[in-house]
Amino acid sequence: MKKTMRRAILAAAVMMQMFVALFAGGSALADEAEQKQADILAAPSVTGALHVEGAHLVGSDGKPVQLRGASTHGLAWFPQYVNEEWFRQLHNEWKANVVRLAMYTAESGGYCTDGDKEALKVLVKQGVQFATACDMYVIVDWHILSDLNPNVYIDEAKDFFATMSNEFKGNDNVLYEICNEPNGGTDWQAIKTYAEQVIPVIRQNDEDAVIIVGTPNWSQYVDEAAADPITDYDNIMYTLHYYAATHKEDLRSRMASAADAGLPIFVTEYGICDASGNGALDIDQANQWIDALDQYGISYVAWNMANKDESSSIFKSSCGKTSGFTIDDLSDSGKWLHDMLIAHAPDGAEKADSAGQQENIDAQQAEAGADSGEGDASVNGEQNADSGESAQSGGDAGDAIVSGVDGSGVLTITDGDIEASAVLRGNWEENGVPTYQYDLTLKNKGEADCSSWEIDVPFDGEVKLSNGWNGNYSAEGNTLHITSVSYNGTIPAGSSIRDVGFIVSGAQIAAGSADAES
Ligand code: IDC
């Protein structure tokens with residue numbers, strides 16, 4: 001991506017939009033094309049060409065980067081999810097910054113067996129194009145599996161990667177995964193021999209793209225790669241795959257030892273079910289894995305974007321949509337992934353998302369007729385903010401509207417000088433318990449700048465916290481207590497901060513009721 005120029009243009013477009021939104025009372029939204037541009041700029045964006053330093057993936061700004069996202073299922077079988085609208089939602093709403101394009105080599109429809117090579121290449125190109133348009137990284141995955149040993153189709157692999165690296169040599173967001181999962185007893189030497197023939201083919205076109213190499217035993221034996229890494233080339237990483245209901249502490253400690261030994265690891269595929277791609281989910285193990293990956297700064301990509309009737313698919317099998325997904329369209333794996341990605345989005349990403357979110361909020365406020373002249377986020381044009389000392393929710397019961405599913409209402413909560421506009425982003429059931437996701441914009445309505453803030457959010461019943469971001473959270477009875485974190489405590493008088501948000505279950509924000517604690 002030739003980003004510098006594009007970014008400047010986009011930045012200008014976004015500033016223009018924000019200017020318009022500000023001075024038109026938040027009612028003017030630019031047309032769809034501009035919205036699209038703003039969205040691209042708004043979410044967890046790529047940080048330029050990646051490279052590998054020691055065990056870490058590093059962005060062009062020299063800072064470590066963690067990629068988080070999702071993999072397609074086999075491109076030949078589920079091509080419909082390679083579409084720009086879905087990728088944009090995955091990026092903007094789910095906060096993912098990478099997609100993986102899994103192209104099976106040997107199965108039915110595989111690239112090296114009876115698959116349509118041209119159609120598959122077109123899908124890969126489209127996938128890269130859509131990911132690029134959405135400011136995401138993209139992994140081109142040569143998905144070996146039943147072919148066991150990557151050397152079986154090495155000639156095809158060389159051809160494929162020659163074509164693809166030539167095609168994408170101008171893109172700095174493409175990573176190449178050259179053999180998904182060697183297995184069937186294929187040892188590291190065989191994989192290394194293969195890699196040392198395929199890597200130079202890519203290097204002819206692209207001197208520094210990150211190349212990810214599979215490891216023995218379905219990409220689990222990273223220790224074998226750590227003992228004998230590829231040293232002739234830079235920017236090489238090694239694959240580790242896990243399925244949380246099958247692979248637990250043993251594999252995690254194998255990963256930790258290899259990472260401690262300095263091996264750059266990339267989890268290009270994981271599931272939270274068992275290794276068949278099906279079966280019961282193990283949420284406890286799933287979370288332990290994510291904690292370990294985050295601790296090591298290792299990137300991770302979930303299997304899979306499909307509605308196949310298996311528990312690793314993130315969409316319900318009853319869902320025929322290919323974009324515009326709501327929480328109700330997601331399988332249990334999908335819901336877990338959605339929540340986890342949002343909760344783990346880097347601070348920078350959350351902050352960077354402000355433009356897009358503010359536009360949504362502006363649009364919603366405008367819709368609700370909420371412009372009260374001073375920028376107060378009241379509902380239905382009423383001045384419903386109580387500026388007293390105690391924490392109270394804004395408005396009389398029934399005034400504030402919390403929409404059912406997709407955040408078409410804004411609720412105002414005032415606590416001392418802090419006024420929060422809360423938008424319901426979604427609600428769904430988890431194990432039969434109603435669950436709600438809210439985004440908050442906090443405004444300092446006082447006359448002095450503040451260096452920290454806190455707010456008590458009243459709920460209409462006992463509230464349980466699932467996730468929260470850009471704040472410290474504690475739930476007590478009917479109240480969710482939120483305090484600032486180090487980087488968002490300062491709010492100049494009259495200004496706002498955004499991207500505070502949380503997922504709770506059991507109750508929703510109580511329109512019109514006073515905070516239980518005050
Ligand atoms: C599985 C798919 C399944 C498909 C099968 C083909 O989920 O629908 O029929 O492949 O053999 C992997 C592989 C990945 C597997 C997945 C689950 O990389 O292709 O997908 N898995 O079995 N490694 C470990 C698990």
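The residues of the chain are indexed from 1 along the displayed sequence. Just so you know, ligand 1 is whichever comes first in the structure, and atom 1 is the first atom listed for that ligand. Quick caveat: nothing in here was measured; it's all calculated off a predicted structure.
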From Ile144 atom CD1 to Met103 atom CE, the distance as rounded to the nearest 0.5 Å: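 One finds 12.0 Å between CD1 of Ile144 and CE of Met103.
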Thr132 side chain to Asn173 side chain, donor-acceptor N/O pair below 3.5 angstrom: yes
Indicate every side-chain donor-acceptor pair of residues 55-62 with a distance under 3.5 Å to a residue at least two apart or in another chain.
unit_1, atom_1, unit_2, atom_2, d
Ser60, OG, Thr47, O, 2.7
Asp61, OD1, Lys63, N, 3.0

Under 4.0 Å from ligand 1, counting heavy atoms only: the protein residues, by chain and number: His73, Tyr104, His143, Leu145, Asn180, Glu181, Tyr243, Glu269, Ala275, Ser276, Gly277, Trp303, Lys308, Glu310
Within 45° cone and under 6.0 Å: Lys321 NZ/CZ vs Phe315 ring: no
Salt-bridge criterion met for Asp282 and Lys248 (N-O under 4.0 Å):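 Yes, this pair counts.
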Check: Phe78 ring centroid to His73 ring centroid under 6.0 Å: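 For Phe78 and His73, the ring centres are under 6.0 Å apart.
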